[in-house]
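Below: the structure, in structure tokens.
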Number of protein chains: 2
Amino acid sequence: MPKNCNFIEKLREVGLRPTKQRVEMCEVLYNREKTFHFTINDLVKLLSEKMNQKISLATVYNTVHAFEKKGYLKEISIDSHKSYFDTNTSAHHHFFDEDTHELIDCDESDIDKINIRKKITGKKINSVEVLVRVASDNQTQK
Amino acid sequence: MPKNCNFIEKLREVGLRPTKQRVEMCEVLYNREKTFHFTINDLVKLLSEKMNQKISLATVYNTVHAFEKKGYLKEISIDSHKSYFDTNTSAHHHFFDEDTHELIDCDESDIDKINIRKKITGKKINSVEVLVRVASDNQTQK
DNA sequence: TCAACAGTTTAGAATTATTATAATGTAGTT
DNA sequence: AACTACATTATAATAATTCTAAACTGTTGA
Ligand SMILES: [Mn+2]
Ligand SMILES: [Mn+2]
Ligand SMILES: [Zn+2]
Ligand SMILES: [Zn+2]
């Protein structure tokens, strides 16, 4: 994660116009140390803080979906009531903290390879993902 | 799954009034061979077919959530755009057919026990669930 | 048996998240 | 600078879910 990636070039490469809104979104999404997990609301908040002018909600939705289509973002299902997105687009497992509603990525070494015995005829496996729900262990809490 | 379980008694046991709507819902949900996975829409459709009078949408939502709170139903997250519910309330894994949007339960023997190496300090694991997304293997199809 | 009460259902309004629309603005090209 | 295709915007529309308050019903105990 270099400090100042050339997002303009990156956007051009996949055929998206490097408009200021898209470059701004790239900065917010990818100019960080770790994977970023967010809801549209999180993102809107961060963008409004960062930018001088306001950004339209429709643009945030459109751009997130454009990024998703181009493989820059992945949608994650942990809560049927909210859409979460992930800047880590590879197949990977998650911990979900039920206290803070935060997602945490697992890497290869965190969970042993999943062995699936069941076959469904005529169907191929597209992905295998594990969700580990965690919560505070503290008795006094909650 | 007996043919005509005494749902009235079952409802009383957990402190729910055995109103005709709830008994009717029990029949639709639990009077079947296999686990039932459904969306609110699926359920409304089935109930309207089965019942002579119409049932209010609010009642379906209220009753599903009452059942959920009592541990009769479990909400499943596979698609952030829709709520799925499951009559199998135990911890279990799923296959999700991306062609038909159907959920299929796994049993113990289908997936080897998941070994989690990562520990998060101060947090305990509440559940570990695997989602296997499958789709048609047929080249000609889609 | 039946009135009284608490809990339940209901239709419709309200809220929330998301998508569609159509006018205006802008990046890239000449 | 001007042209054009694509993007952004405000706003309207849609869809899922929840709220509200009035009408209704299962239960209880007189
Ligand atoms: Mn989506
Ligand atoms: Mn829910
Ligand atoms: Zn992730
Ligand atoms: Zn299930």
Side-chain angles (χ1 to χ4, degrees), chain A residues 6-29 38-48 50-70 72-73 75-85 101, chain B residues 6-29 38-48 50-70 72-73 75-85 101:
Chain A
N6 194 344
F7 293 127
I8 292 180
E9 229 164 67
K10 197 179 174 188
L11 285 167
R12 274 220 185 82
E13 270 166 26
V14 293
L16 291 175
R17 273 199 192 164
T19 58
K20 63 173 170 306
Q21 284 87 346
R22 281 178 179 157
V23 174
E24 206 65 47
M25 268 183 70
C26 282
E27 302 254 334
V28 170
L29 295 174
F38 63 94
T39 64
I40 296 284
N41 252 335
D42 298 335
L43 184 56
V44 168
K45 223 167 284 173
L46 284 173
L47 280 168
S48 337
K50 194 177 194 304
M51 290 172 82
N52 29 1
Q53 75 246 74
K54 87 163 279 230
I55 186 167
S56 158
L57 183 61
T59 297
V60 179
Y61 273 102
N62 291 341
T63 312
V64 163
H65 286 124
F67 282 0
E68 192 188 3
K69 197 182 298 177
K70 293 296 177 180
Y72 279 25
L73 289 175
E75 195 165 0
I76 306 285
S77 301
I78 356 118
D79 181 337
S80 353
H81 306 143
K82 227 180 271 180
S83 281
Y84 279 76
F85 292 88
H101 285 192
Chain B
N6 194 346
F7 292 126
I8 293 181
E9 229 164 67
K10 197 179 174 187
L11 285 167
R12 274 219 185 83
E13 269 166 27
V14 292
L16 291 175
R17 274 198 193 166
T19 58
K20 63 175 171 304
Q21 285 87 346
R22 282 178 177 154
V23 173
E24 205 65 47
M25 268 183 71
C26 282
E27 302 253 334
V28 170
L29 295 174
F38 63 95
T39 64
I40 296 285
N41 252 335
D42 297 336
L43 184 56
V44 168
K45 223 167 282 169
L46 284 172
L47 280 168
S48 338
K50 195 178 194 303
M51 291 173 81
N52 29 2
Q53 74 246 71
K54 88 163 279 232
I55 185 167
S56 157
L57 183 61
T59 297
V60 179
Y61 273 101
N62 291 340
T63 310
V64 163
H65 285 125
F67 281 179
E68 191 188 3
K69 196 181 299 176
K70 293 295 177 180
Y72 279 25
L73 289 175
E75 194 165 3
I76 306 287
S77 301
I78 355 117
D79 181 338
S80 356
H81 305 141
K82 224 181 273 180
S83 280
Y84 279 75
F85 292 88
H101 286 191

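Just so it is clear, the structure is predicted and the values come from calculations on it, not from any experiment. In the text below, chain A, chain B and the rest are named by the order of the sequence lines, each starting its count at 1.
Regarding contacts with the backbone of C:dT8, every side-chain N or O of B:Thr59 stays at 4.0 angstrom or more from both OP1 and OP2.
Judged by distance alone, the side chain of A:Arg22 and the main-chain N or O of A:Arg17 form a donor-acceptor pair under 3.5 Å.
Between A:Tyr72 and A:Phe67, the ring planes lie tilted relative to each other; the angle falls in the 30° to 60° range.
Taking atom CZ of B:Arg12 as the reference point, atom C1' of C:dG7 lies 14 Å away to the nearest angstrom. Atom pair B:Asp79:CG and C:dA17:C1' shows a separation of 14 Å (rounding to whole Å applied). Distance CE (B:Met25) to C1' (C:dT9): 13 Å, rounded to an integer number of Å. Distance, A:Tyr61 OH to C:dA17 P: 7 Å, rounded to whole Å. In this structure, A:Lys69 atom NZ and C:dT19 atom C1' are separated by 13 Å, rounded to whole Å. Between A:Tyr84 atom OH and C:dT18 atom P there is a gap of 12 Å when expressed in whole angstrom units. Between the CG atom of B:Leu47 and the C1' atom of C:dT9 there is a distance of 14 Å, rounded to whole Å. The nearest whole Å value for the distance from the CD1 atom in A:Ile40 to the C1' atom in C:dT18 is 9 Å.
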Short heteroatom pairs, N/O only, protein and nucleotides 4-6 of chain C, under 3.5 Å:
from: C:dA6; atom 1: N3; to: B:Arg17; atom 2: NH2; distance (Å): 3.2

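Within 4.0 Å (heavy atoms only), A:Ile55 reaches sugar-phosphate atoms of the nucleic acid but no base atom. Among the atoms of the strands shown, only primed sugar atoms or phosphate atoms (P, OP1, OP2) are found under 4.0 Å from some heavy atom of A:Thr19.
Counting 5' to 3', DNA chain D first comes under 4.0 angstrom of a heavy atom of chain A and last does so at the ends given by D:dA5 to D:dA10.
Where B:Pro18 and B:Asn41 each meet DNA chain D at their nearest nucleotide, the meeting point lying more 5' is that of B:Asn41.
No hydrogens or angles considered: nothing links the side chains of A:Asn62 and A:Thr59 as a donor-acceptor pair under 3.5 Å.
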